[in-house]
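Notes to accompany the following structure.
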Amino acid sequence: MLIGATTLCNMLSPHLFSRRIRTYALIVSFPCLSGILQAQPEVARIDLLAPNGIFSGDSSSNSSVWGINNSGQVLVTGNDASGTWRAYVWTTAGVTEIVNTLPDANGMVVPSGINDSGQVVGSVNSDAAFVWSSGSMSPIENTINTAQNFPNAINQSGQVVGDLAHWSGTTLYRWEAGNMTVLSPLNESYATATAINNVNQVSGTVYDSGTGNYQAIRWESNGSATVITPPDAGAGSAAYDMNDSGHVVGSFFDPDTFGTEHAMVWDGTGAIDIGNLLDSPFQSSVAQGINDLGQVVGRGYGAFLYEDGVLYDLTDLAAIFLVEEGTSSGFVSLDIAYDINNLGQIIGTGMYYDSVTDRTYEMGYMVSLKAVPEPSTYAMIGGWMILGASFRRFYRK
């Protein structure tokens, strides 16, 4: 007869330290302790992402974040002291400005994605698209039609996905080394491609004219598409990010609460409703980013982290690093989390209080989580502790 781990724990726990079964303590401790000893995530530090600093009396001292790679490089934008919009690659060691070097484009540099090699994609004033690397830009030429070109993401192979926006809707494309091909949007006119992973899968959102809903989609490397069914099968949905396992995060729209968004994660077979930090059917939540460990971040009455089936308020997790407005400089709250890398570094925006100007600003942040052992490691440690205690008690008698 096969006995489940939970049943076995319940049967043995009253007798766990009886003389007859002490020697089995190691065996039963693994399943019994793995759930009990699962630790809450801890924050190691918060970094302010303010490449232009804080300007005295200038309300334009804000910064925004656009992406993070697995090397801890962050895409950050913000106005400088003269009011000029600038884009940067930020690291804890310093910042590098992304300067426009395209000869036929002028205006703001707007980054949208970064890969682990530090290659950045984006656009210049909506006029031209680029790949930036080591201080130089290369154009992403639109060879399909006459439209504005908005690249959205780049993978480690240098493949780019994006949208060509024209008067009748959008055309989705995949680009690599000068070759641009159409990514089928399931014969619909309004669509966007949001992410491409390192196995060349693409996630995005398509408008379905038949149902009048938006649908989250995952395209395979061969171009075939899968419609992601949300937890509420009749609801509209949107996809915002995807990891290398092809798991997609986004949101679905609850028709019973006038289209309130619910954060969701889809693992290739089914989608689940992540929930919300505020217990209200009318509070929206959106899952914005996911890493290869399955950790999900987003917003829902504040920035959240979703891990192992548990939803955490990022402001609560980082409380020891926050300040009260009117005291010392620091973040007052963490409002949105946009992305998380495999190192457990989370980027987003929050309200930052500056004691010099006595004002609050919306600024970018990077929260670094402490590295903790996997639950199986905790169980192993606990098992050896119990076994050791059992042996000591046995030899004393």
Side-chain angles (χ1 to χ4, degrees), residues 65-71 73-75 89 110-123 129-133 138-144 147 149-165 170-186 188 190-206 214-228 237-250 265-268 287-297 338-342 347:
V65 295
W66 299 82
I68 185 172
N69 65 14
N70 289 317
S71 299
Q73 295 175 304
V74 184
L75 294 180
V89 175
V110 182
S112 53
I114 185 170
N115 66 13
D116 289 345
S117 298
Q119 293 178 300
V120 175
V121 293
S123 59
F130 65 82
V131 175
W132 177 91
S133 179
S138 300
I140 300 176
E141 298 289 354
N142 176 9
T143 59
I144 295 176
N149 186 353
F150 298 99
N152 295 323
I154 182 170
N155 67 9
Q156 194 58 24
S157 300
Q159 291 189 321
V160 176
V161 291
D163 314 333
L164 300 176
T170 53
T171 300
L172 306 187
Y173 70 84
R174 192 195 307 257
W175 178 93
E176 183 178 17
N179 183 33
M180 179 177 283
T181 57
V182 173
L183 185 66
S184 172
L186 300 182
E188 299 292 347
Y190 298 95
T192 183
T194 53
I196 181 168
N197 63 17
N198 289 319
V199 294
N200 303 331
Q201 294 171 313
V202 177
S203 65
T205 305
V206 171
Y214 284 91
Q215 295 179 322
I217 305 289
R218 189 185 73 185
W219 289 271
E220 306 306 319
S221 59
N222 63 5
S224 63
T226 300
V227 176
I228 297 172
S237 59
Y240 295 109
D241 196 21
M242 176 177 54
N243 64 14
D244 281 349
S245 297
H247 299 172
V248 177
V249 294
V265 57
W266 179 77
D267 65 1
Q288 304 272 179
I290 183 171
N291 65 12
D292 292 333
L293 305 178
Q295 295 171 303
V296 179
V297 296
Y338 286 110
D339 205 358
I340 180 170
N341 66 11
N342 293 341
I347 60 167

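When reading the values below, keep in mind they use all heavy atoms of this one structure, side chains included, and skip hydrogens, waters and symmetry mates. Positions are given from 1 along the sequence.
- Closest approach of Ala165 and Ala147 over heavy atoms only: O-CB, 3.2 Å.
- When side chains are defined from C-beta on, Ile154 does not count as touching Gln159, because their heavy atoms never get closer than 4.5 Å.
- Using modelled atom types and a 3.5 Å distance limit, the side chains of Ser117 and Gln156 yield a donor-acceptor pair.
- The backbone N or O of Gly246 sits less than 3.5 Å from a side-chain atom of Arg218, completing a donor-acceptor pair.
- For Ala153 against Ala195, the heavy-atom pair with the smallest separation is CB-CA, 3.9 Å.
- Interatomic distance, OG1 of Thr181 versus CD1 of Ile144, reported as 6.5 Å (0.5 Å rounding).
- The heavy-atom pair separating Val249 from Ala287 by the smallest distance is CB-CB, 3.7 Å.
- One finds the CD1 atom of Ile140 at 12.0 Å from the CD atom of Glu176 (value rounded to the nearest 0.5 Å).
- In terms of modelled atom types and a separation under 3.5 Å, the side chain of Asp163 and the main chain of Thr192 share no donor-acceptor contact.
- Every residue was checked against the salt bridge (charged side-chain N to carboxylate O under 4.0 Å, His left out) condition with Arg174, not counting sequence neighbours, and none meets it.
- Proximity of Tyr190 to Val206: side-chain heavy atoms (C-beta onward) are nowhere separated by under 4.5 Å.
- Here the CD atom belonging to Glu141 is positioned 14.0 Å from the CZ atom belonging to Phe130, to the nearest 0.5 angstrom.
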Under the side chain to side chain contact (heavy atoms under 4.5 Å, CB included) criterion, do Glu220 and Thr226 qualify, and how do the steps go? CA-CA 8 Å; Glu220 306 306 319; Thr226 300; 4.3 Å; yes

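- Annotation: side chain of Asp241 is in contact with side chain of Asp339 (closest heavy-atom distance under 4.5 Å).
- Here the CD-CG distance, from Gln201 to Asn243, works out to 9.0 Å after rounding to the nearest 0.5 Å.
- Across Asp244, Asn197, Asn200, Asp116, a single residue satisfies side chain to side chain donor-acceptor pair (under 3.5 Å) together with Asn155, and that is Asn200.
- Nearest heavy atom pair, residue Val65 against residue Tyr338, reads CG2-CD1, 3.6 Å.
- The shortest non-hydrogen separation linking Ala239 to Val248 is CB-CG1, 3.6 Å.
- Counting only heavy atoms from C-beta outward, the side chains of Ile217 and Ile228 never approach each other to under 4.5 Å.
- Two residues are said to be in side-chain contact when any heavy atoms from C-beta on lie closer than 4.5 Å; Gln288 and Val296 fail this criterion.
- Using a 4.5 Å cut-off on side-chain heavy atoms (C-beta onward), Pro111 and Trp66 make contact.
- Here the shortest heavy-atom pairing between Ala238 and Thr205 reads CA-OG1, 3.5 Å.
- Judged by distance alone, the side chain of Asn341 and the main-chain N or O of Ile68 form no donor-acceptor pair under 3.5 Å.
- By the 4.5 Å heavy-atom criterion applied to side chains, Val161 and Trp175 are not counted as neighbours.
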Apply side chain to side chain contact (heavy atoms under 4.5 Å, CB included) to residues Leu75 and Val120 and explain how you reach the verdict. CA-CA 8 Å; Leu75 294 180; Val120 175; 3.6 Å; yes

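- Residues Ile340 and Ile290 form no side-chain contact, since every pair of their non-hydrogen atoms from C-beta on lies 4.5 Å or further apart.
- A distance-only check finds no donor-acceptor pair linking the side chain of Ser203 to the backbone of Thr194 [under 3.5 Å].
- Under the side chain to side chain donor-acceptor pair (under 3.5 Å) rule, Tyr173 has a single partner from Asn142, Asn149, Thr143, which is Asn149.
- With hydrogens and angles left out, the side-chain atoms of Ser112 and Asn152 include no donor and acceptor closer than 3.5 Å.
- Between the side chain of Ser237 and the backbone N or O of Ala216 there is at least one donor-acceptor pair closer than 3.5 Å.
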